[in-house]
Amino acid sequence: MHSSAVFLIEFGAIILALGLLGRLAARLSFSPIPLYLLAGLAFGEGGLLPLGASEEFVAVGAEIGVVLLLLMLGLEYTAGDLVSNLRTQYPAGLVDATLNALPGAAMALLLGWGPIAAVVLAGITWISSSGVIAKVLGDLGRIGNRETPVALSILVLEDLSMAVYLPVVTALLAGTGFAAGSVTLAIALGVAGLVLLVAVRYGRHISRFVSTDDPEKLLLVVLGLTLVVAGVAQQLQVSAAVGAFLVGIALSGEVAEGAHHLLAPLRDLFAAVFFVFFGLHTDPASIPPVLLPALALAVVTTLTKIATGYWAARRAGISAPGRWRAGGTLVARGEFSVVIAGLAVTSGIDSDLGPLATAYVLLLVVLGPLTARYTEPLARRLTGRRGPPSVIPGTGTEPDAVTPDQAPVSRP
């Protein structure tokens with residue numbers, strides 16, 4: 001059969017399978033990420049139906065998926081919001097990084113993988129899934145709860161930390177020396193600081209330049225600008241994902257809203273391809289040997305994420321039920337953990353790191369929505385306390401809810 005025909009059949013089968021899996025996940029009120037990873041395992045080497053002709057195209061699509069994920073995330077924030085979060089919530093960010101990165105680093109060292117793998121695995125266990133958590137908050141009707149801004153602030157700080165963490169990891173995986181790594185980090189910090197400064201002072205002018213009433217032209221300009229900046233960032237060894245994130249921050253107002261609406265379907269498509277691509281590079285037979293370490297990490301970092309959310313909500317003056325809800329909400333890992341693991345897999349740092357990351361993400365992307373829903377009732381039962389009424393009589397609102405004008409904006 002002609003190679004182009006094989007490509008169309010294989011890639012079409014992947015997209016069709018992803019669509020059916022997404023519909024199944026929606027019916028089950030479930031994140032589709034683990035199903036996409038499983039699809040990658042099925043289509044990859046050692047799977048049920050290994051791919052051939054379309055793997056190179058899937059690899060390119062996966063890179064675009066990472067770029068769009070970070071662009072859409074950046075569109076949700078303004079530079080002012082980011083500066084405000086840094087000033088008020090940085091203690092919670094430090095607690096989050098300490099409690100959740102150390103278990104990953106310790107596990108890598110215990111397994112004898114070395115310090116570079118320890119830095120990578122620390123990031124995998126540290127970063128929560130913004131996409132899964134935002135969907136869970138919407139499904140549970142908690143967008144207006146008092147503890148929700150606390151959880152979102154922690155996620156924002158994690159995303160900001162990516163602008164520093166990803167260049168460091170990229171330099172380490174590339175095997176550059178201390179001097180070269182320092183230069184890379186300095187460039188990353190300089191670029192991030194410059195973009196934030198420009199976004200604060202000239203964000204309106206940038207948005208006005210990009211703005212257009214024609215959706216087609218807006219889509220082409222924003223997408224083209226993002227890919228160019230991401231490519232330049234990659235050339236400077238800063239990370240294409242960070243470049244895309246900074247482009248999203250620089251856009252604001254109606255331009256950001258319009259771009260978000262137009263790019264959402266593309267993000268969903270290429271992000272799904274990215275998860276499949278990660279699964280393609282993981283042999284299913286390699287997962288059972290690392291399942292116990294992955295399970296141990298999942299248990300430990302579930303508890304540390306709950307502790308992080310509880311501490312941060314307590315610091316913000318939230319009542320006990322809200323503290324437990326904030327902690328349970330933060331458990332899910334997903335897209336960013338896979339992005340970090342993908343960098344390590346392509347560099348060939350350790351053959352077991354990819355399978356462990358896959359098993360870890362699969363476990364917590366399934367467990368995360370459950371902890372968000374049941375942590376607070378379970379804690380109330382274990383402590384023997386009766387919680388406040390779920391609805392205040394005569395008001396129709398939850399005790400920990402805020403007024404609509406105080407409600408935070410959900411993240412992608």
Side-chain angles (χ1 to χ4, degrees), residues 21-22 24-25 28-42 44 47 96 99-108 110-111 113 117-118 120-136 139 155 158 271-272 274-309 327-342 344-345 350-375 378:
L21 291 174
L24 175 63
L28 298 175
S29 298
F30 190 72
S31 169
I33 292 176
L35 299 183
Y36 295 158
L37 288 171
L38 290 174
L41 293 174
D96 176 41
L99 290 182
N100 297 286
L102 287 180
M107 178 62 73
L110 286 174
L111 293 173
W113 292 351
V120 173
L121 195 55
I124 292 172
T125 58
W126 170 23
I127 304 295
S128 298
S129 171
S130 304
V132 173
I133 290 172
K135 186 176 188 306
V136 168
D139 292 343
L155 295 176
E158 289 181 353
F274 166 72
F275 292 120
V276 169
F277 178 73
F278 184 76
L280 288 174
H281 287 262
T282 304
D283 187 347
S286 65
I287 291 181
V290 297
L291 191 56
L292 283 179
L295 183 60
L297 265 184
V299 171
V300 171
T301 55
T302 293
L303 297 176
T304 54
K305 275 292 182 182
I306 292 175
T308 298
T329 298
L330 293 172
V331 168
R333 309 307 200 273
E335 61 272 21
F336 295 119
S337 296
V338 176
V339 168
I340 296 167
V345 169
D350 193 285
S351 59
D352 288 333
L353 183 57
L356 187 144
T358 301
Y360 177 78
V361 171
L362 283 171
L363 288 169
L364 287 188
V365 82
V366 173
L367 184 61
L370 298 178
T371 60
R373 185 185 297 268
Y374 296 113
T375 296
L378 180 61

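The structure displayed is predicted, hence computed values, not measured ones.
Between the OG1 atom in T371 and the CD1 atom in I306 there is a gap of 6.0 Å [rounded to 0.5 Å]. Note that OG1 of T301 and CE of M107 are 9.5 Å apart. Values are rounded to the nearest 0.5 Å. Atoms CG and CG, from L362 and L38 in turn, are 5.5 Å apart once rounded to the nearest 0.5 Å. Rounding to the nearest 0.5 Å gives a distance of 10.5 Å between CG of N100 and CG of L303. To the nearest 0.5 Å, the span separating CG on L330 from CD1 on I133 amounts to 5.5 Å.
Looking only at distances, a side-chain donor or acceptor of R333 sits under 3.5 Å from a matching main-chain atom of T125.
In terms of heavy-atom proximity, A39 sits nearest to L21 at CB-CD1, 3.8 Å. Closest heavy-atom contact between W126 and D96: NE1-OD2, 3.3 Å. Summarising the geometry of V366 relative to L370, their closest heavy-atom pair is O-CG, 3.8 Å, with the distance given to 0.1 Å. Here the closest heavy-atom approach between residue Y36 and residue G22 is recorded as OH-CA, 4.0 Å.
Between the side chains of D352 and S286, no donor N or O sits under 3.5 Å from an acceptor N or O.
Evaluated for a side-chain contact (heavy atoms from CB on, under 4.5 Å) with L356, the options I124, I287, V361, L111 yield exactly one hit, L111.
Look at E158 and K305 and you find a salt bridge, because one of the NZ, NE, NH1 or NH2 atoms lies within 4.0 Å of a carboxylate O, short of that distance.
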